[in-house]
Q: 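Next up is a structure, given as structure tokens.
In what follows, every chain begins at residue 1, and chains take the letters A, B, ... in the order their sequences are listed. None of these values were measured; they are calculated from a predicted model.
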2 protein chains.
Amino acid sequence: MTRAALAAKAPEERRERIMLATIAVVRERGFAGTRVADIALEAGTSQGLVLYHFGSLAGALAACLTMLEDEFYDDFAQHLAAENGPVERLRFMAELAAGRGAAVGNWGLWLELWARALRDPDSRAVRESQDRRWRTVLRRVVDEGVADGSFSPSSAAKSVLRLAALMDGLAVQLALNEPGMTTRKFTELWWDSAVLELGITEPAKRGKTPR
Amino acid sequence: MTRAALAAKAPEERRERIMLATIAVVRERGFAGTRVADIALEAGTSQGLVLYHFGSLAGALAACLTMLEDEFYDDFAQHLAAENGPVERLRFMAELAAGRGAAVGNWGLWLELWARALRDPDSRAVRESQDRRWRTVLRRVVDEGVADGSFSPSSAAKSVLRLAALMDGLAVQLALNEPGMTTRKFTELWWDSAVLELGITEPAKRGKTPR
DNA sequence: GCGTATCCTGAACGATGGTTCAATATGCGC
DNA sequence: GCGCATATTGAACCATCGTTCAGGATACGC
């Protein structure tokens with residue numbers, strides 16, 4: 001099996017490996033610093049193959065973008081569904097955004113994506129879609145909380161906008177590891193804001209608030 | 001005077017012109033897309049001169065960064081001092097950040113700066129200093145308000161952190177002109193948050209909140 | 001077994017763009 | 001006016017990639 005079997009499922013697997021390599025390199029060097037040669041090296045293939053599969057460096061980067069997007073979202077949606085009520089869900093979102101699960105190490109990528117979105121339509125589309133997804137979920141959780149009486153925002157729409165924006169803003173500090181900003185502080189600050197915005201009374205049960 | 005005088009003060013003036021050109025080009029093309037040739041063209045000089053004055057493209061970009069920083073801050077501090085009380089000052093900050101004065105067209109640059117700061121120490125330093133300045137001023141205004149009874153935050157430090165972060169987050173949307181995000185909405189959303197955070201009772205007098 | 005389509009490689013090509021440099025101009029003290 | 005220091009230029013240089021390409025290997029239908 002060894003040689004033959006490996007080669008057999010190679011094409012698709014190879015393609016995948018290149019995409020993963022692309023993400024890895026972009027994480028390390030950033031979009032601007034990513035070269036075809038780096039990707040090939042990381043993936044253990046030739047430069048030619050990268051171009052063969054994705055047509056151009058830009059193509060590879062684009063593929064990596066959409067992959068990232070889906071990866072993050074799938075992971076997230078799955079875990080969110082496991083939570084019980086709106087308060088727990090909200091708490092989960094706060095913790096996830098701060099750096100649990102698939103978000104780990106991704107904020108840096110988002111920062112780059114934002115900058116890129118200023119000029120590159122593909123990046124803009126990905127960023128927009130990602131953002132919309134996130135806000136939609138947040139909105140749903142808030143509505144759920146309003147329905148069952150846990151939340152009482154003066155305006156759900158505005159609260160969602162602000163809470164989403166606050167996350168982005170806190171994320172900048174986290175990504176640039178501003179002295180004093182930590183995962184815990186991120187969660188705490190955001191959660192306090194959510195309490196204020198939504199008038200949450202019931203304390204969150206999930207996660208170790210302590211310390 | 002014409003020819004001679006112009007040439008006389010030329011060196012310094014030329015240098016300045018190159019810096020301004022650099023800012024202009026960076027605004028238009030972004031950091032990554034800025035070439036020495038673009039700067040030279042915009043400044044009406046040769047590529048050689050750009051390198052002569054700043055040593056390298058990176059040097060020119062760095063110079064433009066610090067210039068930007070000072071430019072923004074000076075303009076800002078001057079206007080802020082003109083406002084009367086803490087509520088007015090806060091309101092002024094909300095409006096300025098949303099796009100008045102020197103901030104116009106700068107949010108895109110900030111986004112780029114954040115991304116750059118992930119890897120470039122110079123950019124990181126500028127961003128950090130800029131951020132600290134802004135938060136310091138915000139803190140001062142808040143303290144002032146606490147002192148004269150206009151504000152009553154549960155924690156001044158946390159409120160300042162959150163309000164500053166919220167601005168950055170809203171700025172992302174504004175810079176990428178997310179459909180639905182406008183200068184007015186920016187101000188409105190942020191101001192509502194400030195009211196909530198600081199427990200402001202007195203309505204803001206400044207600025208045309210109306211339509 | 002044979003031919004064809006898919007995969008894959010490594011080297012070479014070519015464009016782009018930062019940097020160097022020799023030559024020239026300009027202002028300025030003497 | 002003479003020279004020296006500072007500015008300024010434009011062209012040439014050269015490193016760095018992205019991309020192309022001609023050639024092989026591999027799988028697969030017939």
Q: Using the side-chain hydrogen bond (donor to acceptor under 3.5 Å, both in side chains) criterion, which residues pair with B:S159? Sequence neighbours excluded.
A: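 With neighbours one apart ignored, the set is B:E197.
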Q: Report yes if a side-chain nitrogen or oxygen of B:R14 is closer than 4.0 Å to either non-bridging phosphate oxygen (OP1 or OP2) of D:dT9; otherwise report no.
A: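 It does, given that an N or O in the side chain of B:R14 lies less than 4.0 Å from OP1 or OP2 of D:dT9.
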Q: Distance check needed: D:dA11 P versus B:L49 CG, whole Å only.
A: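 Those two atoms, CG and P, are 16 Å apart.
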Q: Tell me the interatomic distance from A:E12, atom CD, to C:dT6, atom P, rounded to whole angstroms.
A: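 Distance, rounded to whole Å: 14 Å.
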Q: OP1, OP2 of D:dT6 versus side-chain N and O of B:H53: anything below 4.0 Å?
A: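 For B:H53, the contact criterion (side-chain N or O under 4.0 Å from OP1 or OP2 of D:dT6) is not met.
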Q: Using whole Å, what does the distance between atom P of nucleotide D:dA7 and atom CD of B:E16 come to?
A: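 The answer, rounded to whole Å, is 15 Å.
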Q: Could you tell me whether the side chains of A:N84 and A:R89 share a donor-acceptor contact shorter than 3.5 Å?
A: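 No, no side-chain donor-acceptor contact under 3.5 Å.
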Q: What is the distance, rounded to the nearest whole Å, between atom CZ of A:F54 and atom P of D:dG18?
A: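 After rounding, the gap between these two atoms is 15 Å.
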Q: What residues, two or more places apart in sequence or in another chain, satisfy side-chain contact (heavy atoms from CB on, under 4.5 Å) together with A:Y73?
A: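 With neighbours one apart ignored, the set is A:F76, A:A77, A:R133, A:V137.
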Q: Does a nitrogen or oxygen in the side chain of A:Y52 sit under 4.0 Å from OP1 or OP2 of C:dC7?
A: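 So the side-chain polar atoms of A:Y52 do come within 4.0 Å of the phosphate oxygens OP1 or OP2 of C:dC7, strictly under.
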Q: Applying side-chain contact (heavy atoms from CB on, under 4.5 Å), name anything that partners A:R139, two or more places apart in sequence or on another chain.
A: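 Applying side-chain contact (heavy atoms from CB on, under 4.5 Å) to A:R139 gives A:D143, A:A156, A:A157, A:V160.
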Q: Protein within reach of the bases, or only the backbone? For nucleotides 16-24 of chain C, mark each nucleotide 5' to 3' as B, S or -, using heavy atoms under 4.0 Å.
A: -SSB-----
Q: Excluding sequence neighbours, so at least two apart, what forms side-chain contact (heavy atoms from CB on, under 4.5 Å) with B:Q47?
A: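 Checked B:Q47 against side-chain contact (heavy atoms from CB on, under 4.5 Å); matches are B:V36, B:A37, B:A40.
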Q: Could you state the atom-to-atom distance from CD of B:E13 to C1' of D:dT8 in whole Å?
A: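 Answer to the nearest Å: 14 Å.
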Q: Just jot down the side-chain contact (heavy atoms from CB on, under 4.5 Å) partners of B:E188, sequence neighbours excluded, or say none.
A: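 Counting only residues at least two positions away or on another chain, B:E188 forms a side-chain contact (heavy atoms from CB on, under 4.5 Å) with A:K158, B:D192.
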